[in-house]
S.K.: 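Could you have a look at this structure, given as structure tokens, before my questions?
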Amino acid sequence: MPVHNADVAALFEDVADLLAIQGENAFRIRAYRNAARTLNQLSRPVADLVAAGEDLSDLPDIGDDLAGKIATIVETGRLPLYDELAQDIPPSVADLLRIPGLGPKRVRRLRDALGVDSRAALKRAAETGKVQALDGFGETMEQNILDGLAQMSDDARWLLARVEPIVASLHDHVSAHDAVERVDAAGSYRRRKETVGDLDVLALADDGPAVTEHFAAYEDVAETLSQGDTRASVRLRSGLQVDLRVVPPKSYGAALLYFTGSKAHNVALRDRAVAAGLKLNEYGAFRDDTEKRVAGTTEDDIYDLFDLPYIVPELRENRGELDAAADGTLPDLVTRADLRGNLHTHTTYSDGLHSLEEMAAAAQTRGLEYLAITDHSPAVAVVQGLDADALRAQMDAIDRLNEDLDDLRVLKGIEVDILKDGSLDLPDAVLADLDLCLCALHTALDLDEETQTERVLRALDNPHVHVLAHPTGRRINERPPIEIDLDRVMEAAADRGCVLELNAQPERLDLSDVHCRRAKELGLPLVIGADAHSTDGLDVLRYGVDQARRGWLEADDVLNTKPWADIAPVFDR
DNA sequence: GCCGTTTTCGGCCCGACTGTTTTCAGTCG
């Protein structure tokens with residue numbers, strides 16, 4: 001079984017948790033967490049680097065020791081240090097760290113004093129009042145633990161698209177207070193991450209207590225978790241946790257930067273501050289010696305302090321954006337306005353909600369120059385897919401429609417299923433007459449990596465195929481990505497003159513930001529596809545653009561920023 | 001355990017809030 005970067009990262013995180021419970025040196029613990037972060041953000045499989053004999057200690061936050069441990073994990077699938085630690089502290093104890101309010105110290109005390117070694121044991125101890133009797137615990141803490149245990153089942157992150165309307169109404173509520181001059185949702189929401197854990201909201205105002213009070217009185221608040229003079233934290237009826245910070249003007253830029261994150265970006269920026277004799281926190285940037293404030297009103301001022309240009313939130317992940325900013329090599333990121341067409345659209349011919357004509361009209365309304373109609377082929381059993389005859393009939397209908405359209409070209413396409421053996425669900429003869437052929441997996445998603453990769457490569461061998469749609473098949477919070485060697489797939493696609501799709505549906509966003517960046521490194525362009533099943537479905541393109549931006553993509557890296565006349569030759573295999 | 005344009009040793013981001021305290025430890029982000 002190949003060892004994935006996320007596996008190694010998770011193992012390091014587990015080691016960090018166990019060391020923390022043991023009371024180890026905090027910096028050693030952080031070293032494991034930093035290394036885990038590096039691994040999670042690495043665009044290449046670390047197993048490949050090991051196989052190629054590359055020096056892993058060249059990677060940030062990975063020295064000789066951890067490089068050796070990574071090699072051991074890749075080669076054996078195990079880490080002796082972890083096995084050793086887990087003998088003392090079983091995973092079910094480390095799991096207790098996930099309960100809000102419980103950190104390593106308290107988990108350790110629960111175990112040592114009460115023998116608590118699992119969630120079930122903790123629940124029993126709390127219910128019988130044993131926890132509150134413990135040093136450093138109390139009645140409130142005991143209740144918080146019981147609440148936390150009850151809440152743990154539904155801790156999935158929220159889809160960005162689902163949080164947007166919540167942000168809009170919350171923004172209205174907070175803005176309505178007289179003292180509030182400006183409101184921003186920061187955090188991973190502002191970085192346009194595909195999912196949001198909780199929401200960080202900033203309000204520009206001088207009267208903190210009044211604003212946190214007003215915030216806690218929002219009609220959708222189910223529970224106030226904490227409330228102070230400058231901060232408040234609530235859980236909404238929807239279950240989403242929202243943290244509000246009230247900030248005065250002179251600190252607003254520093255606070256926006258701080259609470260937008262990512263944490264890794266902030267830490268890296270503060271490293272630069274320390275090196276420059278400055279202190280950077282959410283109130284501003286200050287001279288170390290004189291404590292004098294030198295920036296803080298805007299984010300621009302703070303980046304400027306380090307001779308850096310403004311870095312957009314989507315790039316703030318400490319994945320090289322600070323160095324790129326210093327070198328003047330930040331990417332000129334793709335925007336929604338750059339997109340000229342959509343290459344993934346369904347209609348009533350298969351499982352779409354709207355007709356060919358309605359979809360074409362919706363594309364025109366949105367200013368698109370071209371729209372590829374790509375209904376399903378027969379193998380997708382849950383919908384009525386198009387067989388060769390039905391597809392030919394649709395092609396005729398598209399020809400007729402195009403005669404009536406001036407500023408939109410409707411393209412004849414298909415989303416053809418890749419069958420289990422890698423062959424396609426429609427004959428070559430009909431595929432050959434299309435403008436665009438997407439291929440995609442919808443069945444047999446559980447094959448092992450080697451088999452799945454070979455299956456997809458065989459599909460890409462078909463000279464009529466242009467695009468591999470939603471390449472990993474994941475559905476966020478519902479279905480994990482398939483096992484597939486994407487590096488091989490991307491290289492094969494580049495060889496064969498086809499491309500991969502970045503599917504823009506909010507629950508897919510498939511490829512991930514890291515994969516988008518890898519495609520760019522390999523010189524493989526992508527297409528951003530709405531996979532629209534209705535007229536409104538075309539509006540999700542912007543989520544695809546968000547993801548592409550997080551993957552450092554520029555307009556040139558995305559094929560459907562170009563006129564169709566420029567794309568067609570690319571697809572002429 | 002990592003890292004170095006002051007350093008190969010001695011640092012390592014830092015402040016708010018809570019709960020259990022009576023001056024602060026632990027947790028969180």
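Order of the sequence lines sets the chain letters (A, B, ...), proteins ahead of strands, with each chain counted from 1.
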S.K.: Could you state the atom-to-atom distance from CG of Leu278(A) to P of dT6(B) in whole Å?
M.R.: 14 Å
S.K.: Determine the interatomic distance between C1' on dT8(B) and the same-named atom on dC3(B); round to the nearest Å.
M.R.: 9 Å
S.K.: Regarding Arg235(A) and Asp198(A), does a basic nitrogen lie under 4.0 Å from an acidic carboxylate oxygen?
M.R.: no
S.K.: Within this structure, what is the CZ-to-P distance between Phe215(A) and dC17(B), rounded to whole angstrom?
M.R.: 13 Å
S.K.: Rounded to whole angstrom units, what separation is found between the NZ atom of Lys279(A) and the C1' atom of dG15(B)?
M.R.: 9 Å
S.K.: With heavy atoms under 4.0 Å as the rule, sort Thr230(A) into base, sugar-phosphate or nothing.
M.R.: sugar-phosphate
S.K.: Taking only the P atom of each, what is the distance from dG15(B) to dC9(B) in whole angstrom?
M.R.: 30 Å
S.K.: Identify whether the glycosidic angle of dT22(B) places it syn (within 90° of 0) or anti.
M.R.: anti
S.K.: Short question: side chain of Thr212(A), backbone of Gln227(A) - any donor-acceptor pair under 3.5 Å?
M.R.: no
S.K.: When both hydrogen-bonding distances must be under 3.5 Å and the geometry is Watson-Crick or G-U wobble, what is dT18(B) paired with, if anything?
M.R.: dA25(B)
S.K.: Which part of the nucleic acid, if any, lies within contact of Asn144(A), taking any heavy atom under 4.0 Å across all strands shown: a base, the sugar-phosphate backbone alone, or nothing?
M.R.: sugar-phosphate
S.K.: How many whole angstroms separate atom CZ of Phe12(A) from atom P of dC2(B)?
M.R.: 9 Å
S.K.: Between atom CG in Asn266(A) and atom P in dC14(B), what is the gap in whole Å?
M.R.: 12 Å
S.K.: Roughly how many Å is it from CZ in Phe27(A) to P in dC2(B), rounded to a whole number?
M.R.: 15 Å
S.K.: With sequence neighbours excluded, tell me which residues meet side-chain contact (heavy atoms from CB on, under 4.5 Å) with Ser43(A).
M.R.: Val514(A), Arg518(A), Glu521(A)
S.K.: List the steps, then state whether side chain to side chain contact (heavy atoms under 4.5 Å, CB included) holds for Thr298(A) with Asp301(A).
M.R.: CA-CA 5 Å; Thr298(A) 70; Asp301(A) 293 346; 3.0 Å; yes
S.K.: Regarding Asp83(A) and Gln87(A), do their side chains bring together a donor and an acceptor under 3.5 Å, going by distance alone?
M.R.: no
S.K.: Roughly how many Å apart are dG11(B) and dT7(B), using the P atom of each and rounding to a whole number?
M.R.: 14 Å
S.K.: Could you work out the separation of dG26(B) and dT20(B) based on their C1' atoms and round it to a whole Å?
M.R.: 11 Å
S.K.: Any chance you could list the contact pattern along nucleotides 20-29 of chain B? Use B for base contacts, S for sugar-phosphate-only contacts and - for none, protein heavy atoms under 4.0 Å, 5' to 3'.
M.R.: S-----SSSB
S.K.: Could you tell me if the side chain of Trp158(A) sits less than 4.5 Å from the side chain of Ile166(A), heavy atoms only?
M.R.: yes
S.K.: With a 4.5 Å limit on heavy-atom distance, are the side chains of Arg119(A) and Arg98(A) in contact?
M.R.: yes
S.K.: Could you tell me how far dT27(B) sits from dT21(B) if I compare only their P atoms? Round to whole Å.
M.R.: 15 Å
S.K.: What's the CG-P distance between Asn25(A) and dC9(B), to the nearest Å?
M.R.: 18 Å
S.K.: Quick test of your reading: applying ring pair (Phe, Tyr, Trp, His ring centres under 6.0 Å), list the pairs with at least one residue in residues 46-73 of chain A, sequence neighbours left out, ordered by first then second residue.
M.R.: none
S.K.: Could you work out the separation of dT22(B) and dG29(B) based on their P atoms and round it to a whole Å?
M.R.: 28 Å
S.K.: Provide the distance between the two C1' atoms, one in dC17(B) and one in dC12(B), to the nearest whole Å.
M.R.: 24 Å
S.K.: Rounded to whole Å, how long is the line connecting atom OH of Tyr283(A) with atom C1' of dC14(B)?
M.R.: 10 Å
S.K.: Please tell me which of Asp65(A) and Leu225(A) maps to the more 5' nucleotide of DNA chain B, matching each residue to the nucleotide holding its nearest heavy atom.
M.R.: Asp65(A)
S.K.: Do the side-chain N or O atoms of Asn281(A) get closer than 4.0 angstrom to the phosphate oxygens (OP1, OP2) of dG15(B)?
M.R.: yes
